Asks: 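Input: one structure, supplied below.
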Amino acid sequence: MSLGWTLALLGVGLSLAALARWQESRPRALGEVRLFPVLPVMAVGVILSVLAAAHLVSLLTGSPLKGRLGF
């Protein structure tokens, strides 16, 4: 994946997390159920952001990321 795609994925992840956070902080009437699933959308946004940030570090430094076992 190129640098442009990685930055776009990072932007999408951050915007998803920000949208979910904004929806979560909106006041609602007592007993009203949200139609927007805030927590799963925020989780997807955070996961996308973390993965894109790790890939961005890998692209900028030139060395691939290795796991705990060195693979």
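What you see below is based on every heavy atom in this structure, not just the backbone, and it leaves out hydrogens, waters and symmetry mates. In this text, all values refer to a predicted model and were calculated from it rather than measured experimentally.
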Asks: Should we count CZ of R28 as having more than 12 external heavy atoms under 6.0 Å?
Replies: yes
Asks: If every non-hydrogen atom of S63 is compared with every non-hydrogen atom of S58, which pair is closest and at what distance?
Replies: O-OG, 3.4 Å
Asks: Can you find a heavy atom in the side chain of L14 that is under 4.5 Å from one in the side chain of L48?
Replies: no
Asks: Which heavy-atom pair separates S2 from W5 by the least distance, and what is that distance?
Replies: OG-CD1, 3.2 Å
Asks: Please report the closest heavy-atom contact between M42 and E24, naming both atoms and the distance.
Replies: CE-OE1, 3.5 Å
Asks: Output yes when a side-chain donor or acceptor of S49 lies under 3.5 Å from a complementary backbone atom of G45, and no otherwise.
Replies: yes
Asks: If two hydrophobic side chains count as joined below 4.5 Å and joins carry through other members, does V12 share a cluster with F36?
Replies: yes
Asks: Hey, could you give me the CG/OG1 distance between L10 and T6, rounded to the nearest 0.5 Å?
Replies: 9.0 Å
Asks: Check the hydrophobic clustering (I, L, V, M, F, W, Y; side-chain heavy atoms under 4.5 Å; chains of links allowed) and say if L16 and L56 are grouped together.
Replies: no
Asks: Would the number of heavy atoms belonging to other residues, nucleotides or ligands and lying under 6.0 Å from CG of L39 be above 12?
Replies: no
Asks: Output the distance between atom CG (L30) and atom CD (E32), rounded to the nearest 0.5 Å.
Replies: 10.0 Å
